[in-house]
Amino acid sequence: MKVRFAPSPTGYLHIGNFRTALVNFLFARKNNGHFMLRIDDTDQERSFIEYENAIKEDLSWMNIGWDSLEKQSSRLSCYDNALQILLNKKRAYPCFETADELSLKRKSQLSSGKPPIYDRSSLKLSDSEIADLKSKGKKPHYRFLLNHIDVNWDDLVKGQSKYNMSNLSDPVILREDGRVIYTLASVVDDIDFAVTDILRGEDHMTNSAAQIQLFEALGSSSPRLGHLSLLTDISGEGLSKRLGSLSLKDLRQEGFQPMAISSLLSKVGTSDTIDIFKNINQIINDFDINKFGKSKPKFDKVELLNLNSKFFQLVKFDDISDQLNTLDIEITIEFWNLIKGNINTFNDIKFWWNIVYGKIKTINDDHEFTHLALKTLPNDSFDKNTWSTWTSLLMKESGRKGKDLFKPLRLCLTGQNNGPEMANLVLTMGRQKIVERLNNND
RNA sequence: GGUCCCUUCGUCUAAUGGUUAGGACUCAGCCCUUUCACGGCUGCAAUAGGGGUUCGAAUCCCCUAGGGAUCACCA
């Protein structure tokens with residue numbers, strides 16, 4: 001069993017693309033199959049190596065490893081062969097309309113209320129007419145001749161599906177400039193690399209119907225097909241329209257963790273509860289393509305943030321120390337255990353580091369109280385009882401208790417309304433820093 | 001405009017003709033912690049609308065409304 005993820009290197013991976021990659025990867029791993037990464041770079045005008053590298057980088061960051069890599073740009077001759085086969089079988093035919101003519105035709109069809117389907121006028125051309133046009137220097141593009149019948153398939157996600165092909169234009173498979181079009185290239189690759197299952201977005205539904213006929217015309221049969229419902233943003237709008245801050249690259253910069261992203265994307269839209277997983281193997285174990293529903297799930301960044309926090313609470317110091325080493329500050333296990341319950345994103349680590357070790361703006365609007373706090377602060381070396389010793393004494397001296405006692409201390413020492421356990425914080429912070437903060441009477 | 005798909009608490013969904021319509025997240029409240037968070041408990045909250053079929057409909061049928069996808073010499 002073999003699946004593929006086939007991005008075109010025309011932009012950065014966003015949360016929607018990546019979900020398709022992840023589902024393919026999980027499906028393969030769950031079934032001991034092969035996960036192929038295929039770079040669909042036949043559109044030379046829009047494809048860039050920078051994007052290809054970025055896609056690989058993103059996948060690697062997400063711990064999605066591929067078992068093989070192919071690039072369509074290195075397989076162009078295969079596509080020419082396939083076109084010849086189709087031509088011989090009379091399932092492909094040359095067309096001579098210009099792009100402008102076609103676009104004009106579509107517009108007039110649309111404005112007269114008709115579906116903008118290609119009228120097959122080039123199909124009516126005789127061999128001599130074709131030869132004549134070619135001799136005049138006209139270069140043809142080629143279309144695949146569809147059979148106007150119902151195409152049926154049992155979709156891995158959608159169940160029994162059918163599409164009537166008379167609602168579709170014969171797809172262009174080779175451009176006037178000789179470059180292959182995705183519709184054909186994809187099918188040729190899937191045949192040559194023996195792909196058994198295609199999982200992709202439901203935006204490919206009509207492509208799939210046409211491609212099923214293409215598989216058959218090329219003497220093969222269609223792989224199993226599954227069409228995932230497209231992710232939308234929280235208001236129900238498609239993600240692709242405004243993928244601004246939803247690229248993997250941006251999420252990484254914002255401090256989101258791969259496991260939080262994968263945990264969410266492997267479960268959103270399924271009947272399972274969304275929760276954080278510790279590692280990718282757990283996600284694989286729990287994966288089931290049958291649990292994906294037909295309606296469009298919403299991607300909620302708040303939900304992602306919650307999972308992200310949970311990840312930090314769960315992760316062991318040893319398992320994250322490599323990542324912590326990428327920061328230009330030293331993170332001890334003591335510090336990590338102190339703050340791990342209070343961080344939402346990776347970037348919060350540095351935020352707390354500054355609070356504990358660095359310089360911050362604190363909030364101190366009760367100088368009488370902080371003066372008293374300074375006075376009662378134990379002089380001997382700090383231990384785990386220091387906090388309770390200190391606050392007990394301070395309680396007696398100030399007559400305060402509960403929130404009135406603790407909140408000003410927290411604010412003065414950290415500048416924050418909430419944060420780690422004060423007893424631990426004080427211990428990690430040390431006496432000198434505390435004195436400095438209590439004296440910060442501006 | 002044609003075609004296809006979708007619609008259950010705010011969110012993700014369960015319930016494939018008989019349930020007090022269940023769970024999870026969020027939210028609210030309480031408990032715990034001499035503060036916040038974590039955790040525990042409790043609670044709020046849904047079958048898009050209208051017609052049928054049936055003893056009985058979230059579930060089957062029809063209509064309406066809303067949303068999405070697609071209809072490229074992009075992928």
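In what follows, every chain begins at residue 1, and chains take the letters A, B, ... in the order their sequences are listed. Quick note: numbers below take in every heavy atom, side chains included, and nothing from hydrogens, waters or symmetry partners.
At a threshold of 4.0 Å, the pair A:K310-A:D275 counts as salt-bridged, since one of the basic side-chain nitrogens sits closer than that to a carboxylate oxygen. Salt-bridge formation is not detected for the pair A:D197/A:K2: no Lys NZ or Arg NE/NH1/NH2 atom is positioned less than 4.0 Å from an Asp or Glu carboxylate oxygen. A salt bridge does not link A:R106 to A:E101: none of the charged side-chain nitrogens sits closer than 4.0 Å to a carboxylate oxygen. Electrostatic pairing of A:E202 and A:K158 counts as a salt bridge here, judged by a charged N lying under 4.0 Å from a carboxylate O. One finds a salt bridge joining A:R4 and A:D190 here, because a Lys/Arg side-chain nitrogen approaches an Asp/Glu carboxylate oxygen to under 4.0 Å. Salt-bridge check for A:D319 with A:K316: failed, with every basic side-chain N at 4.0 Å or more from each acidic carboxylate O. With respect to A:K298 and A:D233, no salt bridge is recorded, no charged nitrogen being found less than 4.0 Å from a carboxylate O. The pair A:R224-A:D155 fails the salt-bridge criterion, with no side-chain N (NZ, NE, NH1 or NH2) lying under 4.0 Å from an Asp/Glu carboxylate O.
Heavy-atom nearest nucleotides on RNA chain B were determined for A:V302 and for A:Q160, and the one closer to the 5' end corresponds to A:Q160.
Across all non-hydrogen atoms, the minimal contact from A:L87 to A:A92 is CD1-O, 3.3 Å.
Residue A:N424 contributes atom CG, which lies 16 Å from atom P of B:U33 at whole-angstrom precision. Following rounding to the nearest Å, A:D155 (CG) and B:C4 (C1') show an atom-to-atom distance of 12 Å. In this entry the distance linking NE2 of A:H227 with P of B:U3 reads 20 Å, nearest Å. The CG-P distance, from A:N306 to B:A24, rounds to 16 Å in whole Å. Look at CD1 on A:I276: it is 14 Å from P on B:C25, rounded to the nearest Å. Atom CG of A:N344 and atom P of B:U26 are 12 Å apart (whole Å). Taking atom CG on A:D233 and atom C1' on B:G67, their separation rounds to 13 Å, with Å as the unit. If you measure from atom CG of A:L228 to atom C1' of B:A69, you get 14 Å, rounded to the nearest angstrom.
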Reading 5' to 3' through nucleotides 70-75 of chain B, protein heavy-atom contacts under 4.0 Å coded B for base, S for sugar-phosphate only, - for none: SBSBBB
task: Check the pair A:M205, A:Y163 against side-chain contact (heavy atoms from CB on, under 4.5 Å), reporting the backbone distance first and the verdict last.
output: CA-CA 9 Å; A:M205 211 76 175; A:Y163 199 82; over 6 Å; no
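When ring centroids are compared, A:F406 and A:W387 come within the 6.0 Å threshold.
Spacing of C1' atoms, B:C41 relative to B:C6, comes out at 38 Å, to the nearest Å. Straight-line distance between the P atoms of B:A72 and B:A14: roughly 35 Å, to the nearest whole Å. Across B:A58 and B:G18, the matching C1' atoms stand 13 Å from one another, rounded to whole Å. Comparing B:G29 with B:U19, their C1' atoms sit 28 Å apart, to the nearest whole Å. Nucleotides B:C38 and B:A75 are separated by 46 Å at their C1' atoms, to the nearest Å. Taking atom C1' in both B:U70 and B:G56, the straight-line distance is 41 Å, to the nearest Å. Going from the C1' atom of B:U8 to that of B:A21 covers 8 Å, rounded to whole Å. Taking atom C1' in both B:G49 and B:C55, the straight-line distance is 26 Å, to the nearest Å.
B:A75 makes up no base pair with any nucleotide shown, lacking Watson-Crick or G-U wobble contacts both under 3.5 Å. Across every strand in view, B:C9 sits unpaired, with no contact that passes the Watson-Crick or G-U test at under 3.5 angstrom. Of the nucleotides present, B:G18 is the one that pairs with B:C55 by Watson-Crick or G-U wobble criteria, both distances under 3.5 Å. Under the Watson-Crick or G-U wobble criterion, with both distances below 3.5 Å, B:C36 is left unpaired in every strand shown. Pair check for B:U47 finds none; no Watson-Crick or G-U wobble contact set falls under 3.5 Å. Base pairing annotation: B:U42 forms a Watson-Crick or G-U wobble pair with B:A28, both donor-acceptor distances under 3.5 Å.
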N/O contacts under 3.5 Å, protein versus nucleotides 36-40 of chain B?
{"from": "B:C36", "atom 1": "O2'", "to": "A:N418", "atom 2": "ND2", "distance (Å)": "3.3"}
{"from": "B:C36", "atom 1": "O2", "to": "A:G419", "atom 2": "N", "distance (Å)": "3.0"}
{"from": "B:C36", "atom 1": "O2", "to": "A:G419", "atom 2": "O", "distance (Å)": "2.6"}
{"from": "B:C36", "atom 1": "N3", "to": "A:G419", "atom 2": "O", "distance (Å)": "3.2"}
{"from": "B:C36", "atom 1": "N4", "to": "A:E421", "atom 2": "OE1", "distance (Å)": "3.3"}

List, with names and distances, any nitrogen or oxygen atoms from the protein found under 3.5 Å away from nitrogen or oxygen atoms belonging to nucleotides 10-17 of chain B.
{"from": "B:C12", "atom 1": "OP1", "to": "A:K298", "atom 2": "N", "distance (Å)": "3.4"}
{"from": "B:C12", "atom 1": "O3'", "to": "A:G269", "atom 2": "N", "distance (Å)": "3.2"}
{"from": "B:C12", "atom 1": "O2'", "to": "A:G269", "atom 2": "N", "distance (Å)": "3.3"}
{"from": "B:U13", "atom 1": "OP1", "to": "A:G269", "atom 2": "O", "distance (Å)": "3.3"}

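Within a 6.0 Å sphere centred on NZ of A:K249, other residues, nucleotides and ligands contribute 12 heavy atoms or fewer. A 6.0 Å sphere centred on NZ of A:K90 holds no more than 12 heavy atoms belonging to other residues, nucleotides or ligands.
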